[in-house]
Amino acid sequence: MLNAPQAAHLAAVFGGLSRSPQLWPRLLGAGTPITVAAGQHICSERDACHHLALILSGTARVYKLAESGREITLYRVEAGECCILTASCILSGQPFPAFAVSETPIAAVLLPAAQVASWMETQPAWRDYIWSLLAARLADVITLVEEVAFRRLDQRLAEYLLGKTEPDQELHATHQQVATDLGTSREVVSRILKDFEARGWVSLGRGIIGIHDRPALQSVGA
């Protein structure tokens, strides 16, 4: 059960759920606050899902891992969200089909699987929240599939660099981290980045990618 400060924090992040007089007291009674350090594995493939975490702060990354060791990021779970794959596994009784890791320190509220499933039948506010999150996440994954299947990697990489930075800003990430997010190999990312560097569009350092010509990156593939 959550105490008053914890309940206030949850209400500030999950305001829509707090406005349901039927759901809110049940959620406060069933929730257990937790913290997770950065870099911790949260779920592994084929794990059973016994709880659903409502994220109050921090970010978790959900990804698939190939036999070759290559990873592809499916999506991230941030404040105000829960992992929709976990919710799906609870509702279907299936094991978790991916991996999840905390990218930053996380504060969350854990809900028991039995409550998650029961509220889908009895609490419209909870059902609406889960379905809306599912629709948004499904759209994200479809976009990811389209990009991997139909767009050139140099276009995706240029768009990634622009999306991750503001003007006059550096991206603090390794080539492997970028490759993981794009679902490709570090060698391919490094080759394209070196080409961008030779053109004067970016500069490369240890764990840093400097962006110097945003219009040129925007024109890739145009």
Side-chain angles (χ1 to χ4, degrees), residues 42-47 49 52 55 58-92 94-104 127-167 169 171-197 199 201-202 204 209 211 213-222:
I42 300 169
C43 287
S44 295
E45 202 166 34
R46 293 183 293 277
D47 279 354
C49 297
L52 179 68
I55 305 297
T59 303
R61 182 172 69 92
V62 180
Y63 64 97
K64 287 290 288 184
L65 180 65
E67 290 185 3
S68 63
R70 275 178 49 186
E71 298 177 7
I72 182 169
T73 300
L74 300 177
Y75 57 85
R76 287 176 167 83
V77 187
E78 300 180 333
E81 300 176 339
C82 63
C83 176
I84 201 63
L85 270 183
T86 302
S88 173
C89 292
I90 289 172
L91 297 175
S92 66
Q94 298 298 311
F96 196 71
F99 294 84
V101 63
S102 56
E103 287 194 316
T104 68
R127 185 168 57 245
D128 291 347
Y129 169 73
I130 293 295
W131 284 124
S132 64
L133 189 60
L134 174 62
R137 197 61 74 210
L138 183 59
D140 291 343
V141 173
I142 289 174
T143 298
L144 173 64
V145 171
E146 289 176 340
E147 291 199 349
V148 170
F150 304 126
R151 295 187 65 200
R152 296 200 324 259
L153 189 57
D154 60 339
Q155 294 175 308
R156 296 178 58 218
L157 178 54
E159 186 176 282
Y160 177 90
L161 296 175
L162 294 171
K164 289 288 186 178
T165 58
E166 299 294 334
Q169 204 179 48
L171 175 62
H172 291 264
T174 66
H175 294 190
Q176 182 59 62
Q177 289 169 325
V178 175
T180 296
D181 278 351
L182 295 178
T184 186
S185 68
R186 179 188 58 78
E187 293 78 10
V188 173
V189 166
S190 295
R191 175 175 55 79
I192 298 174
L193 284 174
K194 287 176 182 176
D195 178 59
F196 288 174
E197 184 180 44
R199 296 169 184 261
W201 300 351
V202 305
L204 304 178
I209 303 172
I211 311 300
D213 194 338
R214 297 181 72 87
L217 291 172
Q218 290 169 344
S219 71
V220 173

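The figures here come from the full heavy-atom set of this structure, side chains too, leaving out hydrogens, waters and symmetry mates. Each residue takes its place number in the sequence, starting with 1.
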Indicate the atoms forming the closest heavy-atom contact of A60 with I42, along with that distance. CB-CD1, 3.9 Å

Taking only residues two or more places apart in sequence or in another chain, which ones pass side-chain hydrogen bond (donor to acceptor under 3.5 Å, both in side chains) with R151? E147, E159

Check whether any side-chain N or O of S44 sits under 3.5 Å from a backbone N or O of D47 as a donor-acceptor pair, and report yes or no. no

Are Y63 and T180 packed together at the side-chain level, in the sense that at least one heavy-atom pair is separated by less than 4.5 angstrom? no

Partners passing side-chain contact (heavy atoms from CB on, under 4.5 Å) against A136 (at least two apart in sequence or in another chain): none

Do S88 and C49 come close enough that some side-chain heavy atom pair is under 4.5 Å? no

How about I55 and C83: do any of their side-chain heavy atoms sit closer than 4.5 Å? no

Salt bridge (Lys or Arg N to Asp or Glu O under 4.0 Å) assessment of R199 paired with D195: CA-CA 6 Å; R199 296 169 184 261; D195 178 59; 3.0 Å; yes

Steps toward side chain to side chain contact (heavy atoms under 4.5 Å, CB included) verdict (E45, L65): CA-CA 9 Å; E45 202 166 34; L65 180 65; 6.0 Å; no

Can you measure from OG (S219) to CD (Q155) and round to the nearest 0.5 angstrom? 10.5 Å

For the residue pair R61 and V77, establish whether any side-chain heavy-atom pair is separated by less than 4.5 Å. no

Polar side-chain atom of T165 near backbone of L171 as donor-acceptor pair, under 3.5 Å: no

Contact between I130 and R127 at the side-chain level, heavy atoms closer than 4.5 Å - yes or no? no

Non-neighbouring partners of T184 that pass side-chain hydrogen bond (donor to acceptor under 3.5 Å, both in side chains), sequence neighbours left out: none

Partners passing side-chain contact (heavy atoms from CB on, under 4.5 Å) against E166 (at least two apart in sequence or in another chain): Q169

Look at the side chain of S190 and the backbone N and O of E187, then say whether any donor-acceptor pair between them is shorter than 3.5 Å. no

Test L144 against I72 for side chain to side chain contact (heavy atoms under 4.5 Å, CB included), laying out the working first. CA-CA 10 Å; L144 173 64; I72 182 169; 4.2 Å; yes

Scan for salt bridge (charged side-chain N to carboxylate O under 4.0 Å, His left out) pairs involving residues 73-91, sequence neighbours excluded, and state none if there are none. R76-E103, R76-D181, E81-R137

Is there a side-chain contact between R186 and V178 (heavy atoms, below 4.5 Å)? no

Could you tell me the separation between the OG1 atom of T86 and the CG atom of L52, rounded to the nearest 0.5 Å? 6.0 Å

Mutual orientation of the aromatic rings belonging to F196 and W201 [parallel < 30°, tilted 30-60°, perpendicular > 60°]: tilted

Any side-chain heavy atom of K194 within less than 4.5 Å of one from L204? yes

Short question: side chain of S92, backbone of Q94 - any donor-acceptor pair under 3.5 Å? yes

Does the side chain of V220 come within less than 4.5 Å of R152's, by heavy atoms? yes

Please assess K164 against L161 for the test side chain to side chain contact (heavy atoms under 4.5 Å, CB included), listing each intermediate value before the final yes or no. CA-CA 5 Å; K164 289 288 186 178; L161 296 175; over 6 Å; no

Interatomic distance, CD@E197 vs CD1@I209, rounded to 0.5 Å, equals 10.0 Å

Approximate separation, where rounding is to 0.5 Å, of I192 CD1 and L157 CG: 5.5 Å

Run the side-chain contact (heavy atoms from CB on, under 4.5 Å) test against A98 and tell me which residues pass, sequence neighbours left out. V62, K64, L74, L85, F96

